Structure formats: C-alpha cells, structure tokens
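Worksheet for the structure shown next.
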Amino acid sequence: MTESADLVLVGARVHTLDPGRPHATSLAIRDGRILAVGDRAEVLELCGATTEIIDGDGLVVVPGLVDAHCHPLWGARAMRDADLTEATDLAAACRMLAEVAARSSDEWICAHGLQREWFADAPQGSMLAEVVGDRPIFVSFRDGHGALASPEALVRAGISGPRTFGDASQIVCDRNGRPTGELREPSAMEAVRTHIPPLSAHRRLSLYRVQLDRMARLGLTGAHVMDDAPGDLDDLMTLERDADLAVRLVIAIWLQPEMDDAQIADAFCRAGRAGRRWSSGAVKFFLDGVIDQGTAWLHLPDLKGDGRHANWPDLDRYREVVGRAIAHGLGCATHAIGDRAIHEALSAYEDAGSATAHRPCRIEHVELCDPRDLGQFQRAGVIASLQPIHIAAVADDPDHVWSDRLDRTRAQFGWPHADLLRAGATVSLGSDWPVAIQDPRVGMAWARQHWAPGTTGPGYRDHQVVSAYEALVGYTRSAARAVGDYARGSIAPGMCADLTVFGADPLTSSPDEVPDLPVVMTIVDGSATYRASHV
Ligand SMILES: [Zn+2]
C-alpha cells in the first residue's frame, strides 16, 4: 500500500497556476510536497489514519505568495521600537513614539517610517524632544535616504555642526551652522547610528522572528531580501538552530563599487551559503538612486539638471563584476530606476550571457524605462522586478510627478507593467518594505488599479494596470522564477507545498476588496506557518 497524505484540503477552489490543470477543488500534501491535485474523491483516497483533513468550503488556495523585493532584517533593526509605516500622519507617528518611550527601558528610541510629506517645513529634531523628552531618539524616513535625530542623540554622537562626507551625505544645519537634526543619506545617518548601543543578539533575533511571523500572517511564504549586512547570514543560521523560519528567504549579497577583487570574491563565497529555509545564490548592485532625489541615472538630465551619473562611477567595472558573477553561477539583481541605468544593466546582462545563465538576472524597480528597451527583457532573459505600491507616491497627485523632476512626456513611461508583459517579460512583484508597506494584497490592488484602494481615480497611468490573474502570477510563479526556483510557484504533484489559503477569491475580488481578503492559512513545506483561529 502507498503511504498516505499528511494533510488534505478538500472542497476548496484551487488556482494552481499550472497550465496543465488550472483549477481543482482538492489537494494532498506529503513530506512537504504536493502529492495530488484533483477532485474530492481522488484526494480522499490518499487519506490514512493520521491524515489531517481540512474542509475547504469557502477557501481559495493559491501558490505561496512571495515578496520579490524587501528588506526584512534591515527593517526589523530599523524599527526596533516602533513601525511608523503604520502611522497615517505626523500626529499619529508622535503618539506611537510617546507610547514606546513610556514603556521602553532602553535609553535610545529607534524607529522607522517618517514620511517627508508630513512636514510642511524642514523637519526639526527638537520636535522629537517635545514628544519624548531628553532621550536620544533616531527615526529614519520611510525612503531610507535620511533620518531625524533628537538634540540629545546629536550630543551623544558628538555632532555640533556641518561635516564633509565622501558621498552626497549631509548634516543639515540652520543659518547659524547648528544641526537641525535632519540627516541626509547613509554616511550622515551612520554618524549618529554608530553611537546607538548595539542590540543584543537575543533582541536582534527576536525582532527578526517578529517580522517573519508578521509576514506569514500576510500570507507570504517567501521573500527575496535585497540587502545584506555583516552577520545577517550567521543570524539566520542561529535562528534556524531553534526553529524553522516562518518565511523562506533568498538573500542577495550586496556588491559595492569600492569593493576590490578580494572583497568581491569574499561576497561570492557568502552567496554560496544556505540553510534549510534560506539561501543566497545572488548578488545585488545599485546602479543608480531614485528620481525624486535626482540620483536616478537618466538618458537626458531631469528638469533640475540632475540624473547624469551612475552609482558605479566606472561602468566597465560594473560590467566586469556582472560577468564574473554570472560565470560564477550567481544570479544578479541590479537596482536600476532611470532609463539609462536600465539600459546599461540590460546591456551588461546580455553581453555576459544572461539568456543562458545558471540563475536569472533581474532589474529592480524598472521605474522609468525607454520603450525601446522593453523587448530586451525577454530577449536577454532578464526578470523585471516591480513594486506597484511605489506608484502610491505619485498617484495621489498626478500633476506632481516625481517631484516635478520629469516632464509629462517622459513621466508617461513610468512603471511599464502591462507593456513589459506584452513584450514577453517575466514580471515579479514585491513591496520594498520597509520603504513601503508590505502587504501583498495591497500590492496586488495597486498592480490592478493605479489609485489607492477604496478611493476613486483618476490615478496614474491607468493603461499600465494588469489583470487580477497577472497580479497573482507576479507574486507567485514569476517571483519563484525570479530566483530560478522551478519547484514552487504553481500547484502540481511533486512541487513543494508552499501555499497561501484565502477566505475569498483574489481573482474575483475587486481591487478595492483585495486588501481585505482574509488570509486563512500560510503553508511552507507542507506545514502551517500561520493559521487563523477558526481553521
Ligand atoms: Zn529596496
């Protein structure tokens, strides 16, 4: 007699995303894999004495949702005391800070998620002192490009005036040369951050666990981590010693322009590490910055004359390292937002043989793409990795496109989601959390409609919206393909049992309804990482 299933789910609606059998009502799982997909009778045959049977009436099963671009470990550390991305305005953020200050015995308060739009005038660190008194406070902006430090935090960091940095960083000072508390770009932020007492390993790991559990509750079975800090991989190893990760992670190892050959070789070595539910196999490049700050690399300068420079000052070096990574069997992910950056990344990938590479090459964000380059994604086998929630930044005010840096004609080429699909590209979807909110249901809503769920348009560039099915594929099958994973992303016998179970159908729910879809179960390797209390 054959072995019986560990778990069966019967009488549900199963969207398999498997062209061979797109729809079914029931499935069976054994040893972390899909044993069978079919109708109730076929699956019940596989039940034994120990099989758990779940009545799927009213449930909808899809392949496990994957956030194809996020920063869960950095995010966990940045918002160790408060997640201000949950706040809707400055007053709400201040209330959250006051609450954590009241209950935290730590001297420093660290939070993340301020929005620049919340400040009518230049942000002042003294505002933080009004909220929590004389304690040192460090709060980063949601875009990750700046932070606000309280006067006491500046004192602890020994900052009393302007400083010169090797990058575009700035300690913002008033007319009298006194720092206001605003810190722009990484080096200025580091000048304060290095004075914050480090988290204990225990606290750090528990913050990671909290975030991974939160992601499982959102229905996420996997995430692609687009950064790495020293010690991250060791931390994941330690976490897995205690228990399985709630979310499967693929980590891209960050390569920086100033790294020499020995450092690149060391990074390639780290990219070879893996645990049970985490692996790397990929490296990450930042080829440019963002349009709003004038740091995106554009074919033609923006309206303020910016956008002329790459983040890798020596393009040949970037191309050489891409070639080496591909020859090493690694996938490459390049942050490229401006049309020139996207063009050069595509060209570097293609010349290095991306079309036949061992692991996929991908471009992160693809915000402003020259229409002539769209077909290149498919030809060079390059994944387009988009974060539809970023459209929220421009959708509220279509006249205020990317801080007025782009003329209307060029702004028309933003977020070419539908055009990329029409050009045959594989488009994976993600959130960029903690830069934007993470909920994949909200991400699917923004992919399907370019204005905030629950409001009315007109929104931004409606002709680039995609269907409910295409949005789901972006968060499942295409996200799996973006890291060369062919064992997940659809539901068929032999595939890994990473599944998301909803209480309603994402394919028939409207974009306004999708953010409220109940997540009933999240299943990784055949085991529930989240289960609503009624199941
Ligand atoms: Zn990112």
Side-chain angles (χ1 to χ4, degrees), residues 66-79 83-85 112-116 140-147 167 185-186 189 208 211-212 215 218 220 222-229 232 247 249-257 280 282-293 295-297 310-312 331-338 341-342 345 360-369 382-394 402 414-415 417 427-440 442-443 446-447 474-475 478-479 482-483:
V66 174
D67 184 336
H69 183 126
C70 58
H71 308 274
L73 306 186
W74 162 51
R77 290 191 300 269
M79 54 178 65
D83 174 2
L84 305 183
T85 63
H112 170 86
L114 286 178
Q115 288 274 67
R116 291 183 192 279
S140 43
F141 281 94
R142 204 172 293 187
D143 61 16
H145 285 276
D167 57 11
E185 300 297 342
M189 292 164 75
Y208 295 161
Q211 292 302 338
L212 294 176
M215 289 161 73
L218 294 175
L220 290 167
H224 303 166
V225 182
M226 284 293 148
D227 68 295
D228 78 302
D232 280 1
V247 177
L249 301 178
V250 178
I251 298 101
I253 306 295
W254 190 9
L255 300 184
Q256 289 158 289
S280 173
V283 288
K284 166 92 185 279
F285 303 83
F286 276 85
L287 194 50
D288 68 350
V290 293
I291 287 174
D292 317 47
Q293 314 257 349
T295 49
W297 194 20
N311 197 42
W312 279 64
C332 292
T334 296
H335 167 120
I337 281 184
I342 294 167
C361 288
R362 41 196 280 178
I363 295 184
E364 305 306 311
H365 310 305
V366 200
E367 283 187 14
L368 186 71
C369 186
V382 176
I383 309 285
S385 168
L386 268 55
Q387 301 78 41
I389 302 173
H390 281 328
I391 296 167
V394 297
W402 285 308
W415 288 283
H417 194 165
V427 179
S428 64
L429 298 180
S431 69
D432 212 3
W433 186 89
V435 177
I437 58 167
Q438 184 154 38
D439 195 329
V442 179
W446 276 98
Y475 266 105
S478 296
V483 287

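Every number for a ligand or one of its atoms is a count from 1 in the order of the listing. Quick caveat, the model's predicted, so the values are computed rather than measured.
- The closest donor-acceptor contact from the side chain of Thr334 to the backbone of Ile363 lies at 3.5 Å or more, if one exists at all.
- When each of Arg142, His69, Gln387, Gln438 is checked for a side-chain hydrogen bond (donor to acceptor under 3.5 Å, both in side chains) with Asp432, only His69 meets the rule.
- Under a 3.5 Å cut-off, the side chain of Lys284 and the backbone N or O of Met226 do form a donor-acceptor pair.
- Near-neighbour remark for the Zn ion (ligand 1): protein N, O or S atoms under 2.8 Å are His69 NE2, His71 NE2, Asp432 OD1; waters not counted.
- The backbone N or O of Ile337 lies less than 3.5 Å from a partner atom in the side chain of Asp288, making a donor-acceptor pair.
- Judged purely by atom type and a 3.5 angstrom limit, Asp67 has no side-chain atom pairing as donor or acceptor with the backbone of Gly430.
- For Ser140, the side-chain hydrogen bond (donor to acceptor under 3.5 Å, both in side chains) partners two or more places apart in sequence, or in a different chain, are His112.
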